[in-house]
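Accompanying notes for the structure given below.
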There are 2 protein chains.
Amino acid sequence: MKVTTIRDVAKYANVSAATVSRVLNKKGYVSKEAEEAVVKAIEKLNFQPNAVARTLYSKSSRMIGLILPDITNPYFPELARAIEDVALSNGYTVVLCNTDDDEKKEKQYIEALKQKYVDGIILVTNQLDVTDLAPMAVPIIALDRILSEDIPAVVSENENGAIVATEHLIDCGCKFIAHLRGPIGLTSAEDRLRGFQSVVQQKGIANIVVNSDFNFEKSEEVTMQLLKKYPTIDGIFTSSDITAAGAMKAAHTLGRTIPDNLQIIGFDGIPLGKMLAPSLTTIEQPIYEMGALGARLLIQQFENKTLDTNLYKLPTKLVVRGTTKMRGEKA
Amino acid sequence: MKVTTIRDVAKYANVSAATVSRVLNKKGYVSKEAEEAVVKAIEKLNFQPNAVARTLYSKSSRMIGLILPDITNPYFPELARAIEDVALSNGYTVVLCNTDDDEKKEKQYIEALKQKYVDGIILVTNQLDVTDLAPMAVPIIALDRILSEDIPAVVSENENGAIVATEHLIDCGCKFIAHLRGPIGLTSAEDRLRGFQSVVQQKGIANIVVNSDFNFEKSEEVTMQLLKKYPTIDGIFTSSDITAAGAMKAAHTLGRTIPDNLQIIGFDGIPLGKMLAPSLTTIEQPIYEMGALGARLLIQQFENKTLDTNLYKLPTKLVVRGTTKMRGEKA
DNA sequence: CTGAAAGCGCTTACAG
DNA sequence: CTGAAAGCGCTTACAG
């Protein structure tokens, strides 16, 4: 289990460790001969520089911390994947941290990551006190949810997406629309609610708002109650695709046919939507792009490039599929 | 950005760095007075020991590498979550690595992880040459897919689960059963196929096997062809729940009602199954337990405990829901 | 019980 | 162009 070190290479190549280090980092002057000898020695001894030693000196671990509520929530895997792809192609590695939106876990992880000299953190949370982040010294990017004006954030056009969704239901003939809103206090959920309300109010459409917490079971139950109590509801805009799946399940149980008798539009654009029958009309967020952009912005900060702005709002897109009546750009 | 070090603490407490280190690690003798002084100093200076320096000396980073094909595949998030939970509660942190089953990426990651002194690796792959792993020095656990006899693996009872699935379809009255098999060469897919074949052959049931690669779109297409060509197929056993969703979609498009006209059973037990309408009858793997066990076994190896065996096979469970006709233990 | 010293494996001013 | 030295922040034999 003896690992070869830079000194072994130096000895083999008849130079000093400093010289080996210089060729390793392509930094500083090294003569052709020395370089060749070192390269040969590295190959011969199958030398791999020790990343930890480098980190100790450089204070950069080339690791990114990814802190999110729960990777099991189908919105996050794609985000994580995007981040990891960008990280990999830039020589970074990502540490996965699930918090269940528990502030204690969030803080614990941030401490642990700092101790490990992560170069930066990508954070999906809403309840973290910004004061804890300020003295962090390590760059942070907020994803999906805005934390504060000081922290760069990548989100999607939640309010506008909600407007488009609501107008789509109206265009499809809905007269009484329910909105299953997401968790209270979550900026993205609030924005979607605001978008919904602005349209129904402006157009004078009968409507009702209930909470479903982005949760399948809860959404199924809530929809059940809702449709029993207000049988004339003919359109539902849910704040997530998971929620939409719950609503569809309830409608199915109650024998309401979709989209003839009840139309539904979701929000997110996760793969689930395509797998439902009928497939789900939804407002698609550019999830992968959001993750990739977040990672790129973080890496830009490592390189001390200043960002253009602290708020990146990516456009959403209406994807019409089978749960609403109108034909759209996608099947 | 001046971080306080062990020497700052030592100076403040009027002791040596060695003494501080001893109280930090609760190791070696320290007088009551010294200990108190150090504890006070640590608090006062808000000292956090530098994990990287510790790692350099101890050669243990308290990190676990998790190498898997694609976190975007809904089977993996739950596995990853379980691993992270166990890691967290044992003071470990997990590095996420997506490989797309690309051998080059796998090797690249393994090298990178070694350089970072990860304590161990949890690996979901089938194509990796074991010879590359042998000289690793770091403990490995294979998950979901068996790699070799030398590497401890945690899998589920794939063959038995497939037997139960097939028998269930027969019990429900199916006379002509199709099996949408998973990728060729994947041990778990092969085992499921074997289980299917043993039952249909033994019971003399008409059957057909086609490949669907655990892929939704491919499954939908394949099922479409299949049902058109063999309209008398009345049962489908798919090798994954995603595949089942594809089959259901095709059936829906063709106007075949489930379960009256066509029965379907999946494999995996991912949350998707509950969201489909009708909800999917499936063979549930204990995904979370598999991940948790894998992580626990890995940590056991760090502590130099030898494992009881190199193959942990966890039981699967038939969960009867709405895509087959028989009433089961779950709704 | 405690401190000085050496070392984990690398990097980078500093002299030459 | 190159090497000796100091240092990144910790830990642990070794003396005392």
Side-chain angles (χ1 to χ4, degrees), chain A residues 1-39 41-42 45-63 91 111-112 114-119 137, chain B residues 1-39 41-42 45-63 91 111-112 114-119 137:
Chain A
M1 224 201 287
K2 201 160 293 144
V3 181
T4 71
T5 74
I6 199 172
R7 279 182 233 280
D8 299 324
V9 175
K11 192 177 293 173
Y12 190 96
N14 263 311
V15 297
S16 72
T19 298
V20 177
S21 175
R22 282 191 272 261
V23 346
L24 240 33
N25 299 295
K26 303 187 198 327
K27 203 183 223 173
Y29 301 93
V30 181
S31 68
K32 263 270 169 297
E33 303 86 67
E35 184 176 347
E36 274 166 22
V38 169
V39 168
I42 287 173
L45 301 179
N46 202 262
F47 168 70
Q48 306 269 98
N50 179 316
V52 177
R54 284 181 154 178
T55 298
L56 182 59
Y57 186 91
S58 65
K59 297 189 182 334
S60 155
S61 62
R62 295 198 83 82
M63 294 198 300
E111 285 310 318
K114 277 204 286 185
Q115 283 187 55
K116 284 184 188 303
Y117 279 155
V118 297
D119 289 347
Chain B
M1 224 198 290
K2 200 160 296 142
V3 181
T4 73
T5 74
I6 199 171
R7 279 181 234 279
D8 300 325
V9 176
K11 192 177 294 173
Y12 190 96
N14 264 310
V15 296
S16 72
T19 298
V20 177
S21 175
R22 282 191 271 259
V23 346
L24 241 33
N25 299 295
K26 303 189 199 322
K27 204 183 223 173
Y29 300 93
V30 181
S31 69
K32 264 269 169 293
E33 301 86 67
E35 184 176 346
E36 274 167 21
V38 169
V39 168
I42 288 175
L45 302 178
N46 203 262
F47 168 69
Q48 305 269 99
N50 179 316
V52 177
R54 284 182 154 177
T55 298
L56 182 58
Y57 186 90
S58 66
K59 295 186 183 335
S60 155
S61 63
R62 294 199 82 82
M63 293 199 301
E111 285 309 319
K114 277 205 285 184
Q115 284 186 57
K116 284 185 187 302
Y117 280 155
V118 298
D119 288 346

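Residue numbering restarts at 1 for every chain, and letters A, B, ... go by the order of the sequence lines. Nothing here was measured: the structure is a model prediction, and the numbers come from that model.
If you find the closest nucleotide of DNA chain C to B:Lys32 and to A:Ala17, the one lying nearer the 5' end belongs to B:Lys32. Comparing B:Arg7 and A:Ser31 along DNA chain D, the residue whose closest nucleotide (by nearest heavy atom) sits nearer the 5' end is A:Ser31. The residue among B:Tyr29 and B:Lys59 whose nearest nucleotide of DNA chain C lies closer to the 5′ end is B:Tyr29.
Side chain of A:Asn50 to main chain of A:Val52: a donor-acceptor pair is present (N/O by atom type, distance under 3.5 Å, no hydrogens or angles).
Side-chain contact between B:Leu24 and B:Ile42: present, with at least one pair of heavy atoms (C-beta onward) separated by less than 4.5 Å. Residues B:Asn46 and B:Thr4 have side chains not in contact (no heavy-atom distance under 4.5 Å, counting atoms from C-beta outward). Annotation: side chain of A:Thr5 is not in contact with side chain of A:Lys11 (no heavy-atom distance under 4.5 Å). Counting only heavy atoms from C-beta outward, the side chains of B:Met63 and A:Lys116 approach each other to under 4.5 Å.
Of all the heavy atoms in A:Ala34 and A:Thr19, the pair that sits closest is CB-CG2, 4.3 Å. In this structure, B:Ile6 and B:Ala17 approach most closely via the heavy-atom pair CD1-O, 3.7 Å.
Annotation: side-chain hydrogen bond (donor to acceptor under 3.5 Å, both in side chains) contacts of B:Gln115 (sequence neighbours excluded): none.
Within 4.0 Å (heavy atoms only), B:Val15 reaches sugar-phosphate atoms of the nucleic acid but no base atom. Heavy atoms of A:Thr19 sit under 4.0 angstrom from primed sugar atoms or phosphate atoms, though from no base atom.
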Structure string for DNA chain D in dot-bracket form, Watson-Crick and G-U at under 3.5 Å, | interchain: |||.||||||||.|||
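The nucleotide range of DNA chain D contacted by chain A, defined by atoms under 4.0 angstrom from heavy atoms of the protein and reported 5' to 3', is D:dC1 to D:dG9.
Nucleotides C:dG16 and C:dT12 have their C1' atoms positioned 16 Å apart, rounded to a whole Å.
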